[in-house]
Amino acid sequence: MTVVVTGVSHHTAGPSVLERFALTAPEADTLLDRLAHSPAQAETVVLATCNRVEVYLESEQPERAVGEVVRALSEVTGVLADDVRTLIYTHRGPDAVGHLFRVVCGLDSMALGESQIRGQARAAYGRAVGRNTAGPVLHDLFQQALRTGKRVESATGVGRAAADLVGVALDAATDHLGALSGSPAVVVGAGALGALSVAALRRAGAEDVVVVNRGREAAHRLAERHAARAAGLGDLPGLLARAGLVVAATGAREPIVTAELVRAARADGSGDTVVFVDLSLPRSVDPAVARQPGVRLVDLAALEPRLKEASAQVPVREAQRIVAEETAAFLSGSHLAKVTPLIVAMRENALTIAQAEVARLLGRAPELADHERGEVEQTARRIAEKIVHRPTVRVREMAAQPGGHAYVAVLHDLFGGAQQPPPESTTGRETP
């Protein structure tokens, strides 16, 4: 069995392409369910965020499994399968383990070091557990990845030093508006990014903040926490007419803020500048709004250079060292768990043979005194222990190396008794 990750992220696709792969929670569940019925995949977890959609799986047929991911992604997103193939990346074995650890630690994010991804990975694993698609291999893998994320944050503070997407976006808005305290602000969306946006606006001194959401109850809850106001989508046209800043962070498949809506809201001829900050993928603000007089649009594509500049200041060397250390420890532990039954069998078989031969010898020498019998038994035991010592050391060393399962199989034939040889490591590379 082999652990594999395959997917699309901001590394392989720009925002305009990546938004075609953005999955809502129901769509991520649909993808998970389709893959769960595949005979090529023993375990599956789908991690879908605004920057990536990745499938983690365990399979005896990695090539077939990846092909099924391509087809399923095409069916769920509507992107042609040939286009999916040109964008996806695939990591196997140790590379897949290391990739997940880097992702969970924020070292693979657009905003380097961001900590939100840890909660998203935990939620993705939880959904897989709830749908019975995650088994012992991916359980161990994700639990260790989450522990590694906590260790990296505790030891390095990378998350505290990381570029804040919302903060960077609001800094970009101030380039057009100046201080945010004097601009009426509208936040469209009451999810995680919407909540971060409201909190950041209040910290910046914005006094008139309105939370707009399709579900008014969620808007009211968020607004109450930050002494803001709440409104429904039906109130959006009137709010746009007086807003200086609009932050959109929704999970909608189509733009909520359209060019027609903005044109109608500004029909009174107001020449005041309004800035739209679109943090959504897919976009919540129609790019065409930027062509209207007095309108400025800040979207993820525009923020990318700022995020890269901010990420360059994040101290990641120690975080990368910890990730490498934890990856090696996980792989070593996984391999050792696979060969432990063989090590036990080797020792027990050697001792059983020694005990049987000692019993036969002592049966022919009844005249030996008790202390002499004990000495013979101890000597035979020490010989047996020494015989299996070096094979035990070597099987631990070789099991962690590519192709090491062949060495394990040989030792099983020599010493392993009736037990079946351990399978190739679920985290090791395939060997022809």
Side-chain angles (χ1 to χ4, degrees), residues 15-16 19-20 22 24 50 165-166 169-198 200-202 204-223 226-303:
S16 61
E19 67 180 342
R20 299 171 65 193
T24 63
C50 61
L165 175 61
V166 173
L170 294 184
D171 285 344
T174 62
D175 291 347
H176 303 291
L177 290 175
L180 300 177
S181 56
S183 299
V186 176
V187 176
V188 186
L193 281 175
L196 290 172
S197 299
V198 174
L201 285 167
R202 295 296 282 157
E207 297 179 359
D208 186 5
V209 179
V210 183
V211 181
V212 176
N213 197 60
R214 192 181 303 278
R216 281 181 176 266
E217 185 178 344
H220 278 291
R221 285 198 301 268
L222 177 56
H226 300 283
R229 294 187 291 131
L233 282 179
D235 303 312
L236 188 56
L239 293 169
L240 293 180
R242 57 182 298 274
L245 172 65
V246 179
V247 179
T250 78
R253 299 298 300 177
E254 300 293 336
I256 289 178
V257 181
T258 63
E260 293 76 12
L261 186 63
V262 174
R263 187 178 299 110
R266 295 173 60 82
D268 61 359
S270 171
D272 293 342
T273 297
V274 59
V275 177
F276 288 88
V277 175
D278 190 359
L279 303 178
S280 311
L281 210 66
R283 303 169 194 262
S284 292
V285 179
D286 185 348
V289 304
R291 294 198 288 268
Q292 299 185 33
V295 175
R296 302 291 183 268
L297 175 61
V298 177
D299 58 12
L300 292 175
L303 291 175

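Quick note: residue numbers are just sequence positions, from 1.
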What are the two closest non-hydrogen atoms of Ala172 and Val298, and how far apart are they? CB-CG1, 4.0 Å

If you measure from the Lys or Arg side-chain nitrogens to the Asp or Glu carboxylate oxygens, is any gap between Asp235 and Arg229 under 4.0 Å? no

Hey, is the main chain of Ile256 close enough, under 3.5 Å, to the side chain of Ser284 for a donor-acceptor pair? no

Identify the heavy atoms of Arg242 and Pro184 that sit nearest to each other, and give their distance. O-CG, 3.7 Å

Val285 side chain reached by Val262 side chain, heavy atoms, under 4.5 Å: no

Arg266 side chain to Asp272 backbone, donor-acceptor under 3.5 Å: yes

Closest heavy-atom contact between Ala219 and Ala231? CB-O, 4.0 Å

Please check this pair: side chain of Asp299 against backbone of Asp278, looking for a donor-acceptor N/O pair closer than 3.5 Å. no

Determine whether more than 12 heavy atoms belonging to other residues, nucleotides or ligands lie under 6.0 Å from atom CD of Glu207. no

Does the side-chain contact (heavy atoms from CB on, under 4.5 Å) test come out yes or no for Val247 and Val198, once each step is laid out? CA-CA 9 Å; Val247 179; Val198 174; over 6 Å; no

Would a distance-only check, ignoring hydrogens and angles, find a side-chain to backbone donor-acceptor pair under 3.5 Å from Arg253 to Ala22? yes

Decide yes or no for Asp175 and Val275: does some side-chain heavy atom of the first lie under 4.5 Å from some side-chain heavy atom of the second? no

Provide the closest heavy-atom pair for Thr250 versus Ser280 in the form atom of the first, atom of the second, distance. N-OG, 2.9 Å

Is the count of non-hydrogen atoms from other residues, nucleotides or ligands lying under 6.0 Å from Arg214 atom CZ greater than 12? no

To the nearest 0.5 Å, what is the distance between NE2 on His176 and CZ on Arg296? 6.5 Å

First locate atom CG of Leu297, then atom CD of Gln292, and finally report the distance between them rounded to the nearest 0.5 Å. 11.0 Å

Phe276 vs Leu240 side-chain heavy atoms within contact, under 4.5 Å: yes

So which heavy atom on Ala288 is nearest to which on Ala259, and how close? CB-CB, 4.0 Å

Short side-chain to backbone donor-acceptor contact, Asn213 and Ala218, under 3.5 Å: no

Would you confirm whether Ser183, through its side chain, and Leu245, through its main-chain N or O, come within 3.5 Å as a donor-acceptor pair? no

Minimal heavy-atom distance between Ala249 and Leu279, with the atoms involved, is CB-CB, 4.4 Å

